[in-house]
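Reviewing the structure listed below.
The model shown is predicted, which means the values in this text are computed figures rather than measured ones. Quick note: numbers below take in every heavy atom, side chains included, and nothing from hydrogens, waters or symmetry partners. Quick note on labels: first sequence line is chain A, next is B, and so on, each numbered from 1.
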Protein chains: 2
Amino acid sequence: MEFRQLEYFLGVASELHFSRAAEKLFIAQPALSRQIQQLEDNLGVLLFERDKRNVKLTSAGEYLREEAKQVISQLENISKRTQQIHKGESGEIRIGHPGSAIYSVIPPILTSLRTNFPEIKAKLSEVLEDDLFGNLKNYQVDVGFIREPFVDKNIVSKVIFEESFVLVLPENHWISQENFISLAQVKYESFVLPPRYAGSAYYDLLVRMCEREGFAPNISHESNYGATILRLVEHNLGVSLMPISYKFSSAMRVKFIELMDVPERTHLSMAWRKDDTNPVLLNFLKAAESVIFDNVV
Amino acid sequence: MEFRQLEYFLGVASELHFSRAAEKLFIAQPALSRQIQQLEDNLGVLLFERDKRNVKLTSAGEYLREEAKQVISQLENISKRTQQIHKGESGEIRIGHPGSAIYSVIPPILTSLRTNFPEIKAKLSEVLEDDLFGNLKNYQVDVGFIREPFVDKNIVSKVIFEESFVLVLPENHWISQENFISLAQVKYESFVLPPRYAGSAYYDLLVRMCEREGFAPNISHESNYGATILRLVEHNLGVSLMPISYKFSSAMRVKFIELMDVPERTHLSMAWRKDDTNPVLLNFLKAAESVIFDNVV
DNA sequence: ATTAATTAATGCCAAAATCACATTAAATGG
DNA sequence: CCATTTAATGTGATTTTGGCATTAATTAAT
């Protein structure tokens, strides 16, 4: 069964007249007759009852007509969709990100993606910093956001966002933005921080900040999740250090003290496989590049 | 996009190797290369990334592979189903029948149909005797059961079942099979009968039975539905005359008196359009013919 | 580094499929 | 009975598809 035959068949089925159908199909009538005969022979099924005067569908023909219509329109959709994917206008992009990114870069990037490529679906998955690299290599995600710097010849990465840190305190803590002087003021507090295995470079950065003020943080609780950390601080279980973008993230009863004199910054990078030819990725990168972030420094 | 190209494409997509795929498709490798090129040109989409050493699907190719698989298996199903319909082994038969037929001929015919042609679905609709003719001509039903005799050059009919009449009485009525002599015994009773418009020949036959006994039935209630008539008789609202097959139809508290000396018979015929070429109909007729009825006379 | 082996693409010709034109055959209407 | 309509058929031209030999590019091995 060839597609040409199905199309010719539909032509005859809707005209019920070989000569007229042939005209509409831009072929000669004998060619059409023969293609229909051939289709009938291949199937072993009479599709039209015809005498020299009338042409009508048999029951099998009527069935085939309905199905063939469907198949052909399906095929048209498939063509179109294949072309869209080729142009990167349609498809799926799998994004791995640390939890914190959903408070900063991810919303504007997804907005830009939706605007520029409405047919691209984003699939987000929260990934530990130290796992992102592997997830990229294993083709589990197509693009990732990461604070950890890393170098690999198969992965391209690009810094897209820079932000400073804030000290997170319970709402009723005696320190306020006004009387805050330096981190040394919290040297005897216990800390709630992300575990080192979730991102060693980031963790070390936090420790360095404290050490410069002459103390090592006394860590009482650990959590991967920013929201969990905030919740623990809210309940007086410790203080924390977090990227400033969390300041706008929640309605919890905590306060954020800006650390004017602390030079450390965390850099959020976007990373992807160097050899990835998926056109959807290219368009995702385009959409991401067009976003201008209000870098919070 | 031609069917052949899709099949070749699937071959290469599953082997990811042109030469091996060509072998499995029983064509030479250059022919295969060219068909794939052609498919790619038609779509304007690169489907494989190939260098001299490796062949792999692009994202668009991966999408097409999934869809093409579906379309091709769909097409195989369509072929098969079309052939089944052609042979009359599959499809739908619309049956019009008087309510009474579901107590006699319909169950064994449907059983035979199910046995011989399990893929044929029967669609039953209860039709007034006088409407069946029109329903056949309008293509609302494909075959009908009818007691009314009629002649039409476009309709074929065939008597399949003959039965005698019984007198239907409330269970506590003074007449019994033992003391029954003739219909004249109920000449002063009121009758529950089908209306004349529901089947005039049948109605006239009932009246004739009474008139030979010297009375015209005094009709108190009318109903198309046998079950309704029985219900009315059960509740002492009259007596009735019905085909004997109703005797086995229900658990109502009525009694059926056989009319030994009454010569009238009702003949159930099967009717269909003479020019109907639907192979499902032919197989239905075949299935119906193979049924042997216990004619109740 | 040179050679051998692998493999997709290309040039070219053969085979097959498709098509068009002319004609035929059957049916209908006047 | 003749003119008209219309699907089928015969035949040859055109297009498409396929096969063989070869090429070009890449990898593996000596």
Side-chain angles (χ1 to χ4, degrees), chain A residues 1-58 60-62 64-65 68 72 75 154 275 277, chain B residues 1-58 60-62 64-65 68 72 75 153-154 274-275 277:
Chain A
M1 192 168 11
E2 284 294 323
F3 283 121
R4 187 189 306 97
Q5 295 174 337
L6 283 189
E7 282 188 326
Y8 289 0
F9 166 74
L10 284 185
V12 179
S14 71
E15 291 291 326
L16 293 178
H17 194 287
F18 278 73
S19 309
R20 268 203 303 281
E23 216 172 307
K24 293 209 173 179
L25 294 164
F26 302 107
I27 56 169
Q29 168 265 316
L32 181 56
S33 285
R34 269 201 266 259
Q35 286 294 325
I36 299 294
Q37 282 169 18
Q38 215 172 309
L39 177 59
E40 288 179 324
D41 286 352
N42 291 157
L43 286 168
V45 172
L46 189 76
L47 298 171
F48 295 102
E49 273 168 50
R50 47 241 207 235
D51 50 43
K52 281 277 139 61
R53 216 68 194 176
N54 296 296
V55 175
K56 68 182 264 241
L57 284 161
T58 62
E62 249 163 272
L64 184 62
R65 172 178 147 90
I72 285 186
L75 225 53
N154 297 314
D275 65 348
T277 55
Chain B
M1 190 163 18
E2 282 295 321
F3 186 55
R4 187 190 307 96
Q5 294 174 338
L6 283 188
E7 280 191 323
Y8 289 180
F9 166 73
L10 284 184
V12 179
S14 72
E15 291 291 327
L16 294 178
H17 194 289
F18 278 73
S19 309
R20 269 202 302 282
E23 215 172 308
K24 292 208 174 180
L25 293 164
F26 302 107
I27 57 170
Q29 167 265 316
L32 180 56
S33 285
R34 269 201 268 261
Q35 286 294 324
I36 299 293
Q37 283 169 18
Q38 213 172 311
L39 177 59
E40 289 179 324
D41 286 353
N42 291 157
L43 287 169
V45 172
L46 189 76
L47 297 171
F48 295 101
E49 274 168 50
R50 50 245 209 231
D51 49 40
K52 279 279 140 61
R53 216 67 196 176
N54 296 297
V55 175
K56 67 183 265 242
L57 284 161
T58 61
E62 249 164 273
L64 184 61
R65 173 177 147 89
I72 283 184
L75 228 49
K153 72 173 166 49
N154 296 314
K274 192 188 230 161
D275 65 347
T277 56

Distance check needed: [N] [atom2] versus [X] [atom1], whole Å only.
X       : N      : atom1 : atom2 : answer
B:Arg20 : C:dA8  : CZ    : P     : 8 Å
B:Gln29 : C:dA9  : CD    : P     : 7 Å
A:Phe26 : C:dA20 : CZ    : C1'   : 16 Å
B:His17 : D:dT26 : NE2   : C1'   : 13 Å
B:Ile27 : C:dA8  : CD1   : P     : 13 Å
B:Leu16 : C:dA8  : CG    : C1'   : 14 Å

Is [X] close enough to [N] that one of its side-chain N or O atoms is under 4.0 Å from OP1 or OP2 there?
X       : N      : answer
A:Arg50 : D:dA8  : yes
A:Gln38 : C:dT18 : yes
A:Ser33 : D:dA8  : yes
A:Gln35 : C:dC19 : yes

What nucleotide, of C:dA8, D:dT4, C:dT18, holds the atom closest to the side chain of A:Arg4?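 Output: C:dT18.
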Map B:Val55 and A:Asn54 onto DNA chain C by nearest heavy atom, then report which one ends up closer to the 5' terminus.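 The answer here is B:Val55.
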In terms of the nearest nucleotide of DNA chain C, which residue is placed more toward the 5' end: A:Asp51 or A:Pro30?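 Its nucleotide being nearer the 5' end, the pick is A:Pro30.
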Heavy-atom side-chain proximity of A:Thr277 to B:Thr58 below 4.5 angstrom: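 No, their side chains stay 4.5 Å or more apart.
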